[in-house]
Amino acid sequence: MTDQGYTAAKAEHPAYEGDTIWTEQEPLIDRIPRWLAMTGLMVLILGIWFGLTATGLVSPIILPGPGETWDDIVFVGRNMVTGGYVLEAMWTTSRTVLYAFAQATTLGFSLGVLVGETKFGERAVMPYLVAIDTMPKVAFAPLFIAWLGFGISSKVALATFIATFPIVVSTAAGLYAASENERMLFKSIGATRMQTLLRLKLPTGLPYFFTGLKIAAVGVMAGAITGEFLGGGEGVGALIRVSASQLNTPRVFSLIIYLSFLGLALFLMVVWLERTLVFWRKSDKPSGMG
Amino acid sequence: MSQVVKMDSRREGPAVTRPVYQIERMSKSFGAFRALQGVNLTLNKGEFGAVIGSSGCGKSTLLKIMAGLMPPSSGRVVLAGKPVLGPRRDIGMMFQQATLLPWKTTLENVLLPIEIRDGKGAARAAAGRARDLLELVGIGRAEKVYPGELSGGMAQRASICRMLISEPEVLLLDEPFSALDELTRDFMNMELQRICLERHATAFLVTHSIPEAVILADRIYIMQANPGHVAEIVDIDLPRPRNLDMINTPKFGEIVHYIREKLGQEAFGT
Ligand SMILES: Nc1ncnc2c1ncn2[C@@H]1O[C@H](COP(=O)(O)OP(=O)(O)OP(=O)(O)O)[C@@H](O)[C@H]1O
Ligand SMILES: [Mg+2]
């Protein structure tokens with residue numbers, strides 16, 4: 001700015017200072033540190049919860065108080081540490097979830113490559129997958145139980161069935177993700193179709209694949225628990241159902257909380273694997289949580 | 001202006017003036033749309049050709065056919081005595097974007113063509129050569145870095161190395177530096193000239209910039225659209241090696257002016 005302009009500006013606005021540094025002020029609520037915000041919200045929720053139950057506004061059968069629930073969480077935790085029946089149920093559900101997740105990953109990846117890489121897959125297989133995917137898949141549970149019985153396999157089947165589709169779709173989408181330029185590059189250096197798939201399309205599609213895996217990790221939990229609700233057996237789902245029928249609501253709550261640890265562990269495993277394998281995206285914002 | 005257009009005279013330079021690339025009556029249609037029609041073009045060993053023309057006149061299509069990335073609809077495309085029937089080792093191609101693979105280091109990216117064609121063992125054996133190339137273009141220190149950490153200019157330098165690693169006879173360049181800022185681009189163009197002179201490489205460059213074409217090329221092919229064809233060939237008899245100061249000489253200005261008029265005539269249909 002010329003001297004003249006500066007003088008003129010100053011004359012017009014007496015407070016004008018050419019070199020003033022100004023900083024953007026964030027609103028107060030955005031400046032609260034994360035841990036404080038989270039704790040604060042938790043305290044608020046617990047407070048409302050306590051208020052509702054302590055005043056007798058809500059019957060303890062419908063919603064037990066925080067203290068009662070905490071006692072039961074401790075009780076169930078003790079039971080697990082000492083190798084009680086909850087631990088057995090946890091182990092059954094974990095196995096169901098892991099088997100189903102492994103199967104869904106294998107099946108979903110294979111179908112995804114078929115759909116994403118071949119014309120046959122894209123034209124003949126994909127329409128059926130889309131059609132099945134729009135169905136409420138939980139409705140198939142009675143069928144799986146009729147076919148596979150009340151053991152673990154019917155639950156594994158249902159959970160696999162639910163979790164496979166997101167992996168198929170995301171794998172196929174990942175294979176389309178390589179740019180025209182990258183394909184051209186591979187063509188120009190004489191790459192075979194297999195080389196292009198393995199060295200270009202699959203690595204490029206890896207982040208998409210992991211997005212599918214994260215959705216599947218959630219789906220596989222839902223599938224396993226639904227299967228256990230409907231098909232009995234020894235899992236946590238069956239325990240929850242029994243507890244609910246006995247009006248033991250605190251037990252239902254604490255079982256759900258321990259289940260969520262299982263789901264979280266699976267999810268975090270996927271996130272960790274993604275960070276390890278898709279290392280070149282490290283600087284990017286991680287998708288999903290974690 | 002007549003001293004500029006010398007369709008008959010060959011420039012001096014490399015003693016050999018045998019044609020390496022010959023394209024005769026080549027046409028390309030996409031369905032009913034004729035993208036290229038009756039293209040004739042001869043590139044001599046060690047010659048630097050540049051093609052310039054309005055957007056959509058078929059420059060990239062021509063280059064892709066020359067690189068064996070897509071077949072012509074009719075006509076002959078011959079490189080070093082053999083018809084081009086697909087991608088070849090003696091053709092190096094460079095695209096507008098650097099397109100480095102983000103999960104490979106700079107060095108691994110440079111070695112990609114060797115790895116794809118001859119396997120990992122051959123790539124390992126060629127690592128020394130790749131390092132020399134990186135050194136040659138001035139990014140030797142970035143060999144272990146992933147592309148995400150390279151600037152645009154560094155990435156394009158790496159992709160030059162990737163093109164050169166298989167020691168191609170012909171370099172095909174589709175607007176290689178158009179994504180770079182002007183200063184970097186000028187610098188990269190001079191690097192390109194140096195590399196081509198050093199290796200006696202034959203080069204063919206697609207560009208939108210008239211000064212860029214003039215400073216680099218021995219011959220400029222002016223293309224016209226509908227259907228795409230070579231409308232005029234202009235020989236540039238500026239001495240080699242060229243430098244950026246030549247841009248300010250009257251002769252350079254004359255040539256640029258001449259080509260601009262030619263392109264303008266085409267654009268306005270006179
Ligand atoms: N695969 C294709 N299928 C159909 N038409 C195509 C295809 N590739 C190119 N074309 C058409 O051919 C014409 C020439 O395209 P080309 O990309 O060669 O132009 P260009 O001269 O490189 O343009 P630019 O300077 O914008 O890069 C365009 O009209 C384009 O629409
Ligand atoms: Mg183009």
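Numbered from 1 within each chain, the chains take letters A, B, ... in sequence-line order.
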- Who among B/Leu100, B/Thr99, B/Leu112, B/Leu69 has the most heavy-atom pairs with chain A under 4.5 Å? B/Leu69

- Query: Short question: side chain of B/Asp174, backbone of B/Val206 - any donor-acceptor pair under 3.5 Å?
  - Reply: no

- Based on non-hydrogen pairs under 4.5 Å, which of B/Met163, B/Met93, B/Glu115, B/Arg88 is most in contact with chain A? B/Glu115

- Task: Sort B/Gln96 into side chain, backbone, both or neither according to what part of it lies under 4.5 angstrom from a heavy atom of chain A.
- Result: neither

- Message: So does A/Glu26 get a backbone contact from the side chain of A/Arg31, meaning a donor-acceptor N/O pair under 3.5 Å?
- Response: yes

- Task: Identify which part of A/Thr204 has an atom lying under 4.5 Å from any heavy atom of chain B, answering side chain, backbone, both or neither.
- Result: both

- Message: Given heavy-atom pairs under 4.5 angstrom as the criterion, report whether the side chain, backbone, both or neither of A/Leu200 touches chain B.
- Response: both

- Message: Quick check on the 6.0 Å ring-centre criterion: do A/Phe161 and A/Phe140 meet it?
- Response: yes

- Flag the pair B/Met94 / B/Ile160 as yes when at least one side-chain heavy-atom distance between them is below 4.5 Å, and no otherwise. yes

- With no hydrogens and no angle check, is any side-chain donor or acceptor of B/Arg162 less than 3.5 Å from a backbone partner on B/Pro113? no

- Give, as side chain, backbone, both or neither, the part of B/Lys64 having an atom under 4.5 angstrom from any heavy atom of chain A. side chain

- Give the C-alpha distance, both sets of side-chain angles, the deciding distance and a yes or no for salt bridge (charged side-chain N to carboxylate O under 4.0 Å, His left out) between B/Glu198 and B/Arg194. CA-CA 6 Å; B/Glu198 243 168 53; B/Arg194 183 170 66 85; 3.4 Å; yes

- Between B/Leu101 and chain A, which part of the residue has a heavy atom less than 4.5 Å away: side chain, backbone, both or neither? side chain

